[in-house]
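Okay, so here's the structure we're looking at.
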Number of protein chains: 2
Amino acid sequence: MHASGAAGEPAAATTAALRVHARLRELLMAGMLEPGQKVSLRTVAGMLDVSVQPVREAVSRLVADRALVVMPNRAVRVPLLTLAQFRELTAIRLVVEGYAAGEAALRRTGADLAAIRRHDAAFRRERAKARPDAARAIAHNQALHFTVYRAAGIAELLPIIEGLWLRIGPVLNFDLRGDLAKLRMAKWERCHAQLVEAIACGDARGARKALARDIVGAAKRIEARGILPPGDHDGKSRGNGHGPGH
Amino acid sequence: MHASGAAGEPAAATTAALRVHARLRELLMAGMLEPGQKVSLRTVAGMLDVSVQPVREAVSRLVADRALVVMPNRAVRVPLLTLAQFRELTAIRLVVEGYAAGEAALRRTGADLAAIRRHDAAFRRERAKARPDAARAIAHNQALHFTVYRAAGIAELLPIIEGLWLRIGPVLNFDLRGDLAKLRMAKWERCHAQLVEAIACGDARGARKALARDIVGAAKRIEARGILPPGDHDGKSRGNGHGPGH
DNA sequence: TGACCTCAACCGTGATCACAGTTTACGGTA
DNA sequence: TACCGTAAACTGTGATCACGGTTGAGGTCA
């Protein structure tokens, strides 16, 4: 434990493993790791100035959530979603995040609504800049979405949605990062405005539909790129390899 | 690695950590671990005849999925759900598993339907016995459900549902294990029959409704026991402590 | 008898070594 | 120049030791 606090921070009330875990989550969600990229335990350990042990634990957790995958060679990589997987995840997002948005419209407090409007405005402002910062725009968009989901008042829902974002984040945001023009598309603004408006009015169905347009719009943007491998995947293969048998 | 294959089995094409992970998952889902029970790394390691290292990795994964929780003391326990958490999970199950059941009704193959009927019959047979075996009944029920969900043809959905069962399994099944009379309740049979019938007919809405009755029935059975702590939980607290901030 | 202190056992965490398997790069050969 | 085999470097995995912290039991003192 002598390798801590290099930057002079108060550092760890938490464990090193949790910090590595949180850091890798950020990188994945923000699309700062390229899909398909190799992730070496010792390399990450070196970058974050810890031993391999905490990195092992963090990577193991991310593998359990399929945010990282181990190849048959036992090499760890950022997963490269197939087109079929991407479409499945989009369909699930429509159900789960749509449910959350609907509940948010019914149960949001005044403070929730204010926070939602704040993140919406911040995202809009970043987008309108002459040279928008992709990282900042992505962060604002994420904050907007999760403020909505949090407003649903169903705490158990958040980790599930975070798990979904951990899967699609690399695809969605790594692509966005490389093509800033996409950030300028008009759809974003309209979908977000409709979403916020519906939540303000307590219109659950409207919120669900507006969010669905947002999700589908982003999905179409990705599919149009044609970068996702075709996927030999029929949807009935095993989900994770350790599920209930029979 | 010298501590393997004591029973002379071909043993590990996989890793020790994965075996421990799978074993603990089984125990949790089947309700063989009491909610609130302490889980010591060294104790588990001793029971499964491995060092603490693979156990650490397995437990870490389960903690990441909130199938186990670490107390502020850093002790690891089987989570004891609050009433509020249990109700949230039930609501999410209605949405997610209901979606899967509906899709299964639309997309199931003939082989899927046959397998579903097989598991339904096995469960019914076990239930009708003079001295039914709780473990076997639980396994049949689980197999029935997951065969339905698998028939939905959405592979990405399965790990999510497994995550939900990992949370509620200890509560649902540990309770059931201690009160075999509950296994005799008529509701099970009716709900399952309606579910299978709807899936056979391609009636998505009917399948969703039948499954909802099954889930709600089980939830009411648990709530009637009154063993769940009241839960100071307002549903807007942080979900897992490492999510997106703002 | 009750409260307090002390020490031993145990807890999770991090670092490190050992090992087997894979990948990669280099040098010799055809 | 193209190919192939070998050796070095690196991969994840398991076991083990060291450490700080908590827990719980035993004994002592008021």
Side-chain angles (χ1 to χ4, degrees), chain A residues 1-7 9-24 33 36-79 241-242, chain B residues 1-7 9-24 33 36-79 241-242:
Chain A
M1 299 179 194
H2 58 290
S4 67
E9 295 135 15
T14 81
T15 69
L18 282 176
R19 273 178 290 137
V20 175
H21 182 58
R23 183 83 189 107
L24 290 176
L33 265 40
Q37 178 179 339
K38 272 196 294 192
V39 175
S40 154
L41 297 190
R42 286 173 175 87
T43 302
V44 174
M47 293 194 313
L48 275 61
D49 200 43
V50 292
S51 75
V52 295
Q53 182 56 45
V55 179
R56 259 213 273 194
E57 200 167 313
V59 167
S60 178
R61 288 181 175 212
L62 292 167
V63 169
D65 293 334
R66 298 164 312 284
L68 294 174
V69 294
V70 308
M71 310 297 290
N73 332 338
R74 297 198 163 164
V76 180
R77 301 175 146 279
V78 179
H242 57 243
Chain B
M1 301 168 201
H2 58 290
S4 67
E9 296 136 15
T14 80
T15 69
L18 283 176
R19 273 179 290 137
V20 175
H21 181 58
R23 183 81 190 108
L24 289 176
L33 265 39
Q37 179 178 340
K38 273 196 292 190
V39 175
S40 151
L41 298 189
R42 287 174 174 90
T43 302
V44 174
M47 293 193 313
L48 274 62
D49 199 43
V50 292
S51 74
V52 294
Q53 182 56 45
V55 179
R56 259 213 277 194
E57 199 167 314
V59 167
S60 178
R61 288 181 175 212
L62 292 168
V63 169
D65 293 334
R66 298 164 310 284
L68 294 174
V69 294
V70 308
M71 309 298 289
N73 333 336
R74 299 201 161 159
V76 179
R77 300 176 148 280
V78 179
H242 56 244

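Owing to the predicted nature of the structure, the values given are computational and were not obtained by experimental measurement. Below, chains carry the letters A, B, ... as their sequence lines are ordered, and counting in each starts from 1.
Separating the CZ atom of A:R56 from the C1' atom of C:dA15 is a distance of 11 Å, rounded to the nearest angstrom. Taking atom CG of residue A:D49 and atom P of nucleotide C:dA15, one finds them 9 Å apart after rounding to whole Å. In this structure, A:L68 places its CG atom 15 Å from P of D:dT11, rounding to the nearest Å. The distance from atom CE of A:M71 to atom P of D:dG12 is 13 Å, rounded to the nearest whole Å. For the pair B:R42 CZ and D:dT16 P, the interatomic distance rounds to 12 Å; values are reported in whole Å. Computed from coordinates, the B:L48 CG to D:dG14 C1' distance equals 15 Å when rounded to whole Å. Computed from coordinates, the A:E57 CD to C:dT13 P distance equals 6 Å when rounded to whole Å. Between the CG atom of B:L41 and the C1' atom of D:dT16 there is a distance of 15 Å, rounded to whole Å.
With sequence neighbours left out, A:L33 forms a side chain to side chain contact (heavy atoms under 4.5 Å, CB included) with A:L27, A:L28, A:Q37, A:V78. Listed by chain and number, the residues in a side-chain hydrogen bond (donor to acceptor under 3.5 Å, both in side chains) with B:R77 amount to none (sequence neighbours excluded). A:R42 meets the side-chain hydrogen bond (donor to acceptor under 3.5 Å, both in side chains) test with no other residue; sequence neighbours excluded. With sequence neighbours excluded, no residue satisfies side-chain hydrogen bond (donor to acceptor under 3.5 Å, both in side chains) with A:S51.
In terms of phosphate contacts, A:S40 brings a side-chain nitrogen or oxygen within less than 4.0 Å of OP1 or OP2 of D:dT11. Using a 4.0 Å cut-off, some side-chain N or O of A:T43 falls inside it from OP1 or OP2 of D:dT11.
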Kindly give the atom pairs (protein nitrogen or oxygen, nucleotide nitrogen or oxygen) under 3.5 Å for nucleotides 22-24 of chain D.
from: D:dT23; atom 1: OP1; to: B:N73; atom 2: ND2; distance (Å): 3.3

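If you check every strand for non-hydrogen atoms under 4.0 Å, B:V70 touches nothing. Using a 4.0 Å heavy-atom cutoff across all strands shown, B:V39 reaches sugar-phosphate atoms only and no base atom.
When distances run from any side-chain atom of A:A16 to the nucleotides C:dG14, C:dA15, C:dT13, the shortest one goes to C:dG14. With distances taken from any side-chain atom of A:Q53 to the nucleotides D:dG14, D:dG12, C:dA15, the minimum falls on C:dA15. Nearest nucleotide to the B:V76 side chain, out of D:dG14, C:dG12, D:dG12: C:dG12.
For the residue pair A:P79 and A:L68, the shortest heavy atom distance occurs at CD-CA, 3.8 Å. A:A58 and A:A17 get closest at one heavy-atom pair: CB-O, 3.8 Å. Smallest separation of non-hydrogen atoms from A:V76 and A:V59: CG1-CG1, 4.0 Å.
At a threshold of 4.5 Å between non-hydrogen side-chain atoms, the residues A:V20 and A:M47 do not count as touching.
One finds the CZ atom of B:R61 at 12.0 Å from the CG atom of B:L24 (value rounded to the nearest 0.5 Å).
No side-chain donor-acceptor contact under 3.5 Å links B:R74 to the backbone of B:P72.
Direction change of the helix axis from one end of the helix from C:dT1-D:dA30 to C:dA25-D:dT6 to the other is 10°, with five pairs defining each end axis (rounded to 10°).
With DNA chain D read from its 5' end, the first of the two nearest nucleotides for B:V52 and A:A75 is the one closest to A:A75.
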